Amino acid sequence: MPDANDCAAALLDEYTELLVMSGGDPFRGRVYGKAARAIAAYPHDVAGLSAAELVRIPGVGKSIAAKVAEITATGSFAELEELRTDIPDGVRRLTRIPALGPRRALQLYRELGVASPEQLREAIAAGRLNSLKGFGAKSAEKLLRGIELLESAGSRVLLNVAAQTAAAVIDAVKAAPGCLRIEAAGSLRRAAESVGDVDVLAAAADSAPLMAALTAMPEAVEVIAAGPAKTSVRTRAGLQVDLRVVPLDCWGAALQYFTGSQQHNVRIRELAVRRKLKLSEYGLFDAETGELIVSRTEEEVYRRLGLARIPPVLREDTGEIAARQPR
DNA sequence: GCCGTTTTCGGCCCGACTGTTTTCAGTCG
């Protein structure tokens, strides 16, 4: 993929983050993120394209085409530079802390002047978060832990390491009473080169014994979240493991959802919306009546959306959906 | 800001969990 595309995509992504942080129209922010992904996946060098050619890239309209042209010519664009002067780069780094998103990162900056993870640690130590609306004792504790995780930073691991973890989780959970089916999903099932976390999907009428089996694993040193539908733990090695449990009837829809990349799923769900349908991990439904249409197999879900089944490894939103739509 | 298998205007994926908020915003995937 051409360097110019990576460069333009990175700047548009940065602009997306800054837009989201500064409030404003959330849909506008999404558009830039979408365009950034399309440009990153675009096979031709954007630096050599005219405006008319740029707008042929899906998700790129006149306005973004002009910004890409400006990036090609100058290395950046005016609106981005303007936001950069408003929000220091360290504030963006704050959002790398787990559980700290754009809105609260900006709040920390605006109200306490905190402009980096290091400054956040100092602010917490000095008790300065106590006065901040929406930040309680638990938040402070969680943020400190998050900063530690950020600093130890082995964020993504190789596929084989994740596969070993998944195998251990599957062994432990499938022994729990009531486990009807279990399989690794997420980037592991897509066979991505590296994975950020381990996703495991299971089917059961009662999820409690399965969730208990996960949190009882000796490797699970921290419980990040624990609910009836989803439980997340962190392993000794710092790898996050998410276990999702659904009723057996939803297996296909759930596997479809928990396998696709975020972007693939958004695309597929948009396709559903355009057909007056609603897709979730629980099935494909009629948007108006809420009536269930299909949910048992992935093939049924894709077929009902007018698509041939897409192999897991391709579910990255890099053109695989258009390639399977009838012309 | 982009886009169209009713649309060139009015939408824009969907659900789970947490913390502090007593009804929901923020975050995540």
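Computed from a predicted structure; not experimentally measured.
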Under 4.0 Å, heavy atoms only, any strand: does Lys62(A) hit a base, just the sugar-phosphate, or nothing? sugar-phosphate
Measuring from Arg244(A):CZ to Ser207(A):OG, what's the distance to the nearest 0.5 Å? 10.5 Å
N or O in side chain of Lys142(A) less than 4.0 angstrom from dT27(B) OP1/OP2: no
For Gln262(A), which contact category applies under a 4.0 Å heavy-atom criterion: base, sugar-phosphate, or nothing? base
Please tell me which of the listed nucleotides, dG4(B), dC17(B), dG1(B), lies nearest to the side chain of Phe27(A)? dG1(B)
Send over the distance from Arg275(A) CZ to dC12(B) P, rounded to a whole Å. 17 Å
Lys276(A) side chain: which of dG1(B), dC14(B), dT6(B) is closest? dT6(B)
Counterpart residues, ring-ring contact (aromatic ring centres under 6.0 Å, His included), relative to Phe77(A) (two or more places apart): Tyr15(A)
Looking only at side-chain atoms of Ala226(A), point me to the closest of dT18(B), dA16(B), dG1(B). dT18(B)
So Arg244(A), base contact, sugar-phosphate only, or nothing? Heavy-atom distance under 4.0 Å. sugar-phosphate
Between dC17(B), dG15(B), dG26(B), which nucleotide gets closest to the side-chain atoms of Arg103(A)? dG26(B)
The side chain of Val273(A) is closest to which nucleotide in this list: dC14(B), dG26(B), dG15(B)? dC14(B)
Atom pair distance, as rounded to whole Å: CZ in Arg145(A) and P in dT18(B): 17 Å
Please work out if Gly134(A) contacts a base, only the sugar-phosphate, or nothing of the nucleic acid, heavy-atom cut-off 4.0 Å. sugar-phosphate
Quick test of your reading: applying side-chain hydrogen bond (donor to acceptor under 3.5 Å, both in side chains), list the pairs with at least one residue in residues 100-111 of chain A, sequence neighbours left out, ordered by first then second residue. none
dT18(B) and dC12(B): how far apart are their P atoms, nearest whole angstrom? 28 Å
Once you apply a heavy-atom cut-off of 4.0 Å, does Ile268(A) come out as touching a base, just sugar-phosphate, or nothing? nothing
Is Val266(A) touching bases, backbone alone, or none of the nucleic acid, heavy atoms closer than 4.0 Å? base
With sugar-phosphate meaning primed atoms plus P, OP1 and OP2, does Ala185(A) contact a base, only sugar-phosphate, or nothing at under 4.0 Å between heavy atoms? nothing
Separation of the C1' atoms in dA16(B) and dT8(B), to the nearest angstrom: 37 Å
Is it the case that one hydrophobic cluster holds both Ile147(A) and Leu108(A), taking links as side-chain heavy atoms less than 4.5 Å apart, direct or via other members? yes
Which nucleotide wins on minimum distance to the side chain of Ile64(A), given the candidates dT27(B), dG1(B), dC14(B)? dG1(B)
The salt bridge (charged side-chain N to carboxylate O under 4.0 Å, His left out) partner of Glu298(A) among Arg315(A), Arg303(A), Arg304(A) is Arg315(A)
Taking the same atom, P, in dG11(B) and in dT6(B), what whole-Å distance lies between them? 16 Å
dG10(B) - base-pair partner by Watson-Crick or wobble geometry, distances under 3.5 Å: dC3(B)
Would the base of dG29(B) count as contacting Tyr257(A) through its side chain, where contact means a donor and an acceptor less than 3.5 Å apart? yes
How many whole angstroms separate atom CD1 of Ile321(A) from atom P of dC3(B)? 15 Å
Given dC17(B), dG26(B), dG15(B), the nucleotide with the shortest approach to the side chain of Ser280(A): dG15(B)
Taking dG29(B), dC14(B), dG1(B) as options, the one with an atom nearest any side-chain atom of Gln240(A) is dG29(B)
Just checking Asn265(A): base, sugar-phosphate only, or nothing, at a heavy-atom cut-off of under 4.0 Å? nothing
Below 4.0 Å: OP1/OP2 of dA16(B) and any side-chain N or O of Tyr282(A): yes
Which part of the nucleic acid, if any, lies within contact of Ala272(A), taking any heavy atom under 4.0 Å across all strands shown: a base, the sugar-phosphate backbone alone, or nothing? nothing
Rounded distance in Å between the P positions of dC9(B) and dG15(B): 31 Å
Of the candidates dT20(B), dC2(B), dT18(B), the side chain of Lys138(A) sits closest to dT20(B)
Under 4.0 Å between a Lys/Arg side-chain N and an Asp/Glu carboxylate O for Glu141(A) and Lys138(A)? no
Determine: side-chain N/O of Ser139(A) to OP1/OP2 of dT20(B), distance under 4.0 Å, yes or no. yes
Does Arg269(A) have a side-chain nitrogen or oxygen under 4.0 Å from the phosphate oxygens OP1 or OP2 of dC14(B)? no
Please give, in whole Å, the distance from dG4(B) C1' to Leu271(A) CG? 13 Å
I want to check a possible cation-pi pair here: Arg189(A) against Phe258(A), using under 6.0 Å from ring centre and within 45° of the ring axis as the test. no
To the closest 0.5 Å, what do you measure between CD (Glu299(A)) and CG (Leu307(A))? 12.5 Å
Among dT27(B), dG15(B), dG29(B), which nucleotide has an atom closest to any side-chain atom of Lys278(A)? dG15(B)
For atom C1', what is the distance between dT20(B) and dG26(B), given to the nearest Å? 12 Å
Please work out if Pro98(A) contacts a base, only the sugar-phosphate, or nothing of the nucleic acid, heavy-atom cut-off 4.0 Å. sugar-phosphate
